[in-house]
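Below is one structure, written out as structure tokens; comments come after it.
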Amino acid sequence: MVVFELIKPAPLTEKVQSRQGNIYLYRAMWLIGWIPPKEGILRYVYLFWTCVPFAFGVFYLPVGFIISYVQEFKNFTPGEFLTSLQVCINVYGASVKSTITYLFLWRLRKTEILLDSLDKRLANDNDRERIHNMVARCNYAFLIYSFIYCGYAGSTFLSYALSGRPPWSVYNPFIDWRDGMGSLWIQAIFEYITMSFAVLQDQLSDTYPLMFTIMFRAHMEVLKDHVRSLRMDPERSEADNYQDLVNCVLDHKTILKCCDMIRPMISRTIFVQFALIGSVLGLTLVNVFFFSNFWKGVASLLFVITILLQTFPFCYTCNMLIDDAQDLANEIFQSNWVDAEPRYKATLVLFMHHVQQPIIFIAGGIFPISMNSNISVAKFAFSIITIVRQMNLAEQFQ
């Protein structure tokens, strides 16, 4: 039995659908309580489990952090406070993002139905190979996210618990971790389990945009191949060639429908992340540079990586999706249309006109989701570091 067999492309003899790129994603959703059985008594038992991660990850953690600051502020060291604050801000964002993602899960299902129709248009082994590679790439990416996100939670838990402090210092009305080593470890384990709920919910909210845009790009590549082959078979009639062109137009419309279906989800979740990334990244880097020892620094650096993974890969994919639209327009223009019938040429011109409109996602109706926008909002982190350096805040808090 192969471990993580889905990260390798399946053989071309095996039927693979685009939706299989989300297998690991949906397994994690099932684990966290987001995909209940459709009927039976187990559905109601499962719905109770659905409430548990939401109760702790979405409601308890944000409130627990604030209560902890009110009651225990004087007991925080600067490093502990920054470690807690950077996560607190991200937890508030994660709570909003995970709630949005859960409420809009039906959009992912409808998008997959549209992708199924595109899968039916795979014409040859080259098309199928692209989809097979895409499915493996999506599952592989989700696995990498899982290792990094879980690595952050585990490293923070161990580095602080072994140094005699709770990892995130979240308020707990039932346990005082200062009562002894047993109380400390009970508090630390409770925080780790609670934070794991929030981390997994955050991961699901961060990975679905990347998974689906990778799928859209794969089908854009398939569409480019189909455009290149237009009117290249001398045995096909003009009527057949025209129908091939119409099919390409319909495929492009289906890809646009996929983007429109998932756009409201992406707009909301990425806007939340854009609003927070600069401050969270800045506080984390200040903690790493001025207040961390080696192991706590490793945990904080893993947190930096998780923050960067929340937006940078997806923004890069959005840039590539914009380039794909331009490349598709070029492929249409360079296709074999010179001696085609007038009806074919007229349809081709309209097709090229529509393709030239780039596929753009807008965060909250304000920020175009791209690498430039992501870098712009992330620059705020360096402003925070500059303020800390110029005002010698780190030395004053030592």
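The basis for the numbers below is simple: all heavy atoms, side chains too, and nothing from hydrogens, waters or symmetry mates.
Between the CG atom of Leu61 and the CZ atom of Phe197 there is a distance of 10.0 Å, given to the nearest 0.5 Å. For the atom pair Asn241 CG and Met232 CE, the distance stands at 11.0 Å (nearest 0.5 Å). Arg137 contributes atom CZ, which lies 12.0 Å from atom OH of Tyr140 (distance to the nearest 0.5 angstrom). Rounded to the nearest 0.5 angstrom, Cys138 SG and Ile214 CD1 are separated by 4.5 Å.
Salt-bridge annotation for Glu331 and Lys224: absent, with no side-chain N of the basic residue lying under 4.0 Å from a carboxylate O of the acidic one. Looking at Lys257 and Asp260, no side-chain N of the basic residue comes within less than 4.0 Å of a carboxylate O on the acidic one, giving no salt bridge.
Using a 4.5 Å heavy-atom cutoff, the side chains of Tyr26 and Ile35 are in contact. Between Asp202 and Ser98 the shortest side-chain heavy-atom distance does not fall below 4.5 Å. A heavy-atom distance below 4.5 Å is found between the side chains of Pro62 and Ser95. Between His226 and Arg121 there is a side-chain heavy-atom pair separated by less than 4.5 Å. Using a 4.5 Å cut-off on side-chain heavy atoms (C-beta onward), Val87 and Tyr152 make contact. Contact check for Trp185 versus Trp177: no side-chain heavy atoms found under the 4.5 Å cut-off.
Each of Phe65, Phe54, Tyr171, Phe190 was evaluated against Tyr60; a single residue qualifies, Phe190, per the ring pair (Phe, Tyr, Trp, His ring centres under 6.0 Å) test. Residue Leu328 forms a side chain to side chain contact (heavy atoms under 4.5 Å, CB included) with just one option from Asn330, Ile332, Asp324, and that option is Ile332. For the side chain to side chain donor-acceptor pair (under 3.5 Å) test with Asp206, the passing option among Gln273, Gln201, Lys97 is Lys97; the others fail.
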